[in-house]
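Each residue takes its place number in the sequence, starting with 1.
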Amino acid sequence: MAGLLSISEPDATQPTDLATQPDTTNSDFLANLATDATQTDHKVATTYSREEIAQLFDLPLMDLLLQAQTIHRKHFTANEVQISTLLSIKTGNCPEDCGYCSQSGHHRDTTKLQAEKRIEVDKVIAAAKRAKNSGSSRFCMGAAWKHPSAKDMPYVVELIKEVKALGLETCMTLGMLDTNQATQLADAGLDYYNHNLDTSRSYYEQVVSTRSYDERLDTIENVRNSGINVCSGNIVGMGESRDDRIDWVLELLKMPKAPESIPVNLLVPIAGTPIGDKVLAEGQLSVLEWIRTIAVARICCPTSYVRLSAGRESLSDSEQALAFMAGANSFFYGDKLLTTGNASQSGDDRLMRELGLTKQFAAPRAPKVLPVMDAMNGHQTQVVLAD
């Protein structure tokens, strides 16, 4: 594969009791993969075929992690992580039928989740202040909508402006967006918009039927065209195959530009949801397969933030350390992710100290539209800033 280092073969003078290297003589691609992280003058490939992505998944785990960390350090500051806090600003009774989600109105009789109305603006701002004080650099707000309505837009625009005024980066996940809605959020200064693909195109119909795969891609395109950074990832462990995880990575690479942020979620199976019940009965995906997915995402999307999201609360310190070694450099603070649990903040702080990880500072972008007051007549106008 273009731009990656070759695997070092054992020298004849080296001890003979080293573990036998896998035979990769029949694969030019694997023969070009790096296991020597001390060599840093290599170039990173700009595109990957489906076969090459599959071969990455098949690598010995230590080779894969070493390659992912080497590429990570070429594009990001070593041992620095971006920290976000996520708040549900409108919970439950969503019209979508996502088979993993407790917030779906289709599953409310079995999950017993109590729906809540939109949170008042001042309460959201208070939560954002707490997040900033705790060390988060990005504040993410999620609403259980299929798409925001016209009456919801002034509310979310106000939230963006108020949170940005605190010096935090902003992210929202509100469902589908049309071109006009994406423009409104961009004009308010939204930094990131989250809209996950969830899985591969072929497995998608096993997950949700109320929104098509192409509709998801349309929203991502609208967000990208508006100038907002794209946040789009997946959920592993929903019963999909490795082929589906390979195809999901390929979907990211088919985009004109890979998402700037890629959450890789490990399913938290929720009793009462169709997928949650299935996984609870049949068994959960191996954590190491989840870590493999993180590493492959890092290698194939070298300049993207790769985020540890749902599922992290069940991991040991060692498993989280492996995930960071795999190239993850973003995670969520706080005891709750929308409606599911999260690792404790005190535990995260302790682990970061033990691993020597440092927090990244916020770098919010300016809003596209700023109000300007005419001092002479008191009239207020708006100035559209250049990108």
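- Listed for the Y203 side chain is no donor-acceptor partner under 3.5 Å among the backbone atoms of D243.
- Residue pairs meeting the salt bridge (charged side-chain N to carboxylate O under 4.0 Å, His left out) criterion with at least one partner in residues 136-157, sequence neighbours excluded, are R118-D152, R138-E169.
- Residue L197 is tested with I235, N234, L217 for a side-chain contact (heavy atoms from CB on, under 4.5 Å); the sole match is L217.
- Between Y100 and I275, the closest heavy-atom pair is N-CD1, 4.0 Å.
- Listed for the R307 side chain is no donor-acceptor partner under 3.5 Å among the backbone atoms of P263.
- Contact of the E251 side chain with the M255 side chain is not registered, since no non-hydrogen atoms from C-beta on lie closer than 4.5 Å.
- Looking only at atom types and distance, the side chain of S202 has a donor-acceptor partner in the side chain of D244 under 3.5 Å away.
- Looking only at distances, no side-chain donor or acceptor of Q320 sits under 3.5 Å from a matching main-chain atom of S318.
- Closest of all the heavy-atom pairs between L87 and A127 is CD2-CB, 3.9 Å.
- In this structure, L174 and K90 have side chains that are not in contact, with every pair of non-hydrogen atoms separated by 4.5 Å or more.
- A salt bridge does not link D187 to K161: none of the charged side-chain nitrogens sits closer than 4.0 Å to a carboxylate oxygen.
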- Task: List the steps and the verdict of side-chain hydrogen bond (donor to acceptor under 3.5 Å, both in side chains) for E96 and T210.
- Result: CA-CA 6 Å; E96 303 276 31; T210 51; 2.4 Å; yes

Could you list the donor-acceptor pairs under 3.5 angstrom formed by side chains in residues 279-286, with sequence neighbours left out?
unit_1: E282; atom_1: OE1; unit_2: K278; atom_2: NZ; d: 3.0
unit_1: S286; atom_1: OG; unit_2: L288; atom_2: N; d: 3.1

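- In this structure Q184 satisfies the side chain to side chain donor-acceptor pair (under 3.5 Å) test with no other residue, sequence neighbours excluded.
- Under a 4.0 Å N-O distance rule, the pair E289/R245 qualifies as a salt bridge.
- Between E162 and V124, every side-chain heavy-atom pair lies at or beyond the 4.5 Å cut-off.
- Considering only heavy atoms from C-beta on, K129 comes within 4.5 Å of L166 through its side chain.
- Here the shortest heavy-atom pairing between L65 and A326 reads CD2-CB, 3.6 Å.
- Two residues are said to be in side-chain contact when any heavy atoms from C-beta on lie closer than 4.5 Å; R211 and Y204 meet this criterion.
- Counting non-hydrogen atoms of other residues, nucleotides and ligands closer than 6.0 Å to CD of E205 gives a total of 12 or fewer.
- Side-chain N/O atoms of R298 and N329 include a donor and acceptor closer than 3.5 Å.
- Looking at F331 and L357, their side chains never come closer than 4.5 Å, going by heavy atoms from C-beta outward.
- Y48 approaches I299 most closely through the heavy-atom pair OH-O, 3.3 Å.
- A salt bridge is absent between R216 and E221; no separation between the charged side-chain nitrogens and carboxylate oxygens falls under 4.0 Å.
- The side-chain contact (heavy atoms from CB on, under 4.5 Å) test with R50 is passed by exactly one of L253, D247, V249: D247.
- The heavy-atom pair separating L185 from L177 by the smallest distance is CD1-CD1, 3.7 Å.
- The existence of a salt bridge linking D348 and R312 is confirmed by a sub-4.0 Å separation between a basic side-chain nitrogen and an acidic carboxylate oxygen.
- Taking the side chain as every heavy atom from C-beta outward, R224 and E260 approach each other to under 4.5 Å.
- Two different hydrophobic clusters hold L308 and Y305 under the rule that ILVMFWY side chains link at heavy-atom gaps under 4.5 Å.
- Residues C301 and I262 meet the side-chain proximity criterion, which asks for heavy atoms closer than 4.5 Å.
- The minimum heavy-atom distance between T219 and G175, with the atom names listed, is CG2-O, 4.1 Å.
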- Message: For S84 and Q82: C-alpha separation, side-chain torsions, deciding distance, then whether side-chain hydrogen bond (donor to acceptor under 3.5 Å, both in side chains) applies.
- Response: CA-CA 7 Å; S84 300; Q82 186 279 319; 3.0 Å; yes

